[in-house]
There are 2 protein chains.
Amino acid sequence: MTSSLETGPTRSVRGRRTARASGDERERAIMQTAERLLQERPIGEVSVDALARGAGISRSAFYFYFPSKDAVVLALVDRLVEEAELSKEQVIAQLASDPVAGWRASLELFYAIFGSHRALIRAAADLSAVNEDARALWSSIMEGWVADVTEMIEAERERGVAPAGLPARDLATALVQLNERALRAIFVEESPALAEERAIDTLSHIWLSTIYGSPAPR
Amino acid sequence: MTSSLETGPTRSVRGRRTARASGDERERAIMQTAERLLQERPIGEVSVDALARGAGISRSAFYFYFPSKDAVVLALVDRLVEEAELSKEQVIAQLASDPVAGWRASLELFYAIFGSHRALIRAAADLSAVNEDARALWSSIMEGWVADVTEMIEAERERGVAPAGLPARDLATALVQLNERALRAIFVEESPALAEERAIDTLSHIWLSTIYGSPAPR
DNA sequence: CAACGAGTCGACACAGTGTCAACAAACCAG
DNA sequence: CTGGTTTGTTGACACTGTGTCGACTCGTTG
């Protein structure tokens with residue numbers, strides 16, 4: 001799933017310690033700078049020059065590490081998604097034992113992970129408007145979630161706790177999109193947006209109502 | 001509600017017929033060109049120069065009519081929203097007599113209006129990532145819809161057909177956001193997206209389930 | 001006819017992007 | 001230790017797009 005352009009040519013394993021800061025360090029410095037700057041202003045207002053200076057190199061040196069400023073954001077997103085992937089397993093397990101708590105835990109996980117990287121999420125969203133690669137990356141992430149949710153819904157239906165209704169995949173798509181949209185609105189401080197304190201309640205109410213046909217399964 | 005920067009200085013009423021094309025005509029020509037070009041490529045790839053040439057003037061003359069290319073899109077959106085506003089009244093009326101059909105009609109209206117201006121919708125969405133004014137305009141549009149839906153939900157609850165549950169405004173916010181997101185995915189041909197033929201069915205199922213507590217009110 | 005204002009244009013300054021040839025410093029093979 | 005290779009780094013350059021300005025045209029109006 002890792003995007004093809006996330007890293008520059010510096011991919012071999014090296015462990016030296018040289019006088020000048022080595023490639024990997026620079027690469028990390030650039031990413032770090034990006035995360036920092038994105039907390040202050042939108043991606044559109046961050047120039048390659050700013051990124052380079054922040055990492056202590058010249059603008060042209062930047063291009064040695066990344067093909068463009070967008071690629072830095074994509075690398076960052078890639079990393080975030082990998083983190084998220086790890087926590088996923090445990091949540092799925094919980095669903096079998098206690099559905100209500102399980103779904104809620106999923107939403108909370110989602111909320112926690114993205115909430116703690118608001119600036120990055122926003123940059124990724126902004127980028128998707130302009131950049132084909134960003135769009136593709138985000139698409140594949142969404143696809144992954146939809147697939148997971150579809151599977152979970154189908155499992156619940158087979159267990160007999162959830163009634164048949166909308167095609168599971170359609171329902172999953174809509175719910176994942178709802179989450180994405182609603183959480184983004186909150187994180188970016190758009191308006192209208194759900195009240196942040198009640199957001200998880202609101203969303204899980206909608207998820208449960210539509211999946212189980214009522215606000216809580218029997 | 002009309003955005004403050006939608007039009008250039010040419011705002012007085014004039015009705016002359018001059019040798020060279022007059023201001024209003026040019027203004028319209030620019031907007032028309034914008035709509036045409038946006039059908040071919042995203043806003044980011046449309047330059048002021050292209051807009052100007054399309055309208056038969058030089059790039060610098062363009063600035064006489066609009067302060068920036070973004071302002072053209074905002075003017076277009078403004079116009080679209082005004083159109084939409086007109087059809088709204090009749091739908092609200094229907095809700096009282098037949099709720100299910102009424103909600104469905106709302107969704108269909110939404111779908112029809114925005115579906116027939118996909119390129120513009122996309123440009124507006126793209127712009128929101130970059131442009132503060134665009135964000136503000138879209139926000140106010142969303143606010144309007146949320147207010148309408150909130151009111152409709154409350155009316156249904158007072159009539160006793162819909163049960164109390166989530167705060168009406170929260171529910172309305174989530175549903176409007178769901179619609180926005182899901183329809184945009186379809187129109188922009190993102191993936192994942194709802195199957196277009198079933199989109200209205202899917203959405204109305206979710207609306208009805210969450211508003212009435214079951215897929216159909218008694 | 002003179003003054004005015006709407007409309008137009010070319011030239012300019014500016015900001016940002018991406019590329020390139022050339023240079024520097026460490027590393028490694030002989 | 002020496003000379004070639006790899007890894008980094010740089011300034012200069014070409015290019016694209018934006019927005020501004022002063023000067024010009026040409027109907028309109030007093």
Side-chain angles (χ1 to χ4, degrees), chain A residues 5 7-31 33-34 37 41-74 126-127 130-134, chain B residues 5 7-31 33-34 37 41-74 126-127 130-134:
Chain A
L5 43 66
T7 43
T10 322
R11 246 346 28 195
S12 53
V13 197
R14 282 163 298 116
R16 349 181 214 86
R17 188 114 312 264
T18 64
R20 59 172 144 173
S22 86
D24 284 351
E25 278 167 53
R26 293 293 199 204
E27 200 172 308
R28 252 175 293 135
I30 293 175
M31 294 212 248
T33 307
L37 293 184
R41 40 198 152 115
I43 179 76
E45 286 167 31
V46 174
S47 67
V48 170
D49 196 52
L51 252 27
R53 281 179 191 291
I57 55 179
S58 74
R59 197 174 63 82
S60 18
F62 168 93
Y63 288 99
F64 182 79
Y65 297 100
F66 293 94
S68 71
K69 103 184 136 174
D70 294 4
V72 181
V73 177
L74 295 216
D126 288 359
L127 224 53
V130 190
N131 181 306
E132 188 53 45
D133 291 315
Chain B
L5 43 66
T7 44
T10 323
R11 250 338 35 193
S12 53
V13 198
R14 282 163 299 116
R16 348 182 214 87
R17 189 114 310 264
T18 64
R20 60 174 142 173
S22 85
D24 284 351
E25 278 167 52
R26 280 320 163 53
E27 200 171 309
R28 252 175 292 136
I30 292 174
M31 296 214 247
T33 308
L37 293 184
R41 41 198 150 116
I43 178 79
E45 285 166 31
V46 174
S47 67
V48 171
D49 195 52
L51 253 27
R53 282 178 190 290
I57 55 178
S58 75
R59 198 175 63 82
S60 19
F62 167 93
Y63 289 99
F64 182 80
Y65 297 99
F66 293 95
S68 70
K69 104 185 136 172
D70 294 3
V72 181
V73 176
L74 295 216
D126 287 359
L127 224 53
V130 191
N131 180 306
E132 188 53 45
D133 292 314

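Any value given below was found using the heavy atoms of this structure, including those in side chains, with hydrogens, waters and symmetry copies removed. Throughout, protein chains are lettered first and strands after them, A, B, ... in sequence-line order, and every chain is numbered starting at 1.
Residues forming a salt bridge (charged side-chain N to carboxylate O under 4.0 Å, His left out) with D70(B) (at least two apart in sequence, or on another chain): none. Partners of A52(A) under the side-chain contact (heavy atoms from CB on, under 4.5 Å) rule, at least two apart in sequence or in another chain, are I57(A), F62(A). Residues forming a side-chain contact (heavy atoms from CB on, under 4.5 Å) with A34(A) (at least two apart in sequence, or on another chain): L51(A), V72(A), L76(A). Take S60(B) and apply the side-chain contact (heavy atoms from CB on, under 4.5 Å) test, not counting sequence neighbours, and it matches S58(B).
Contacts classified as side chain to side chain donor-acceptor pair (under 3.5 Å) and involving residues 43-55 of chain A (residues at least two apart or in different chains) are given here: D49(A)-R53(A).
Regarding E25(A), its CD atom lies at a distance of 10 Å from the P atom of dT9(D), rounded to whole Å. Rounded to a whole Å, the CZ atom of R53(B) is 10 Å from the P atom of dC9(C). In this structure, F64(B) atom CZ and dG7(C) atom P are separated by 4 Å, rounded to whole Å. For D70(A) and dT17(C), the CG to C1' distance is 11 Å, given to the nearest whole Å. E27(A) places its CD atom 13 Å from the P atom of dT7(D), with the value rounded to the nearest Å. dT8(C) atom P lies 13 Å from atom CZ of F66(B), rounded to whole Å. Atom CZ in R28(A) sits roughly 12 Å away from atom P in dG8(D) (whole-Å rounding). One interatomic measurement links the two molecules: CZ of R26(B) to C1' of dT8(C), which rounds to 9 Å at whole-angstrom precision.
In this structure the side chain of Y63(B) reaches within 4.5 angstrom of the side chain of V48(B), judged on heavy atoms.
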Protein-to-nucleotide contact annotation, 5' to 3' order, nucleotides 15-20 of chain D [B base; S sugar-phosphate only; - none; under 4.0 Å, heavy atom]: ---BBB

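When the side-chain nitrogen and oxygen atoms of Y65(B) are compared with OP1 and OP2 of dT8(C), one or more of them lie within a distance under 4.0 Å.
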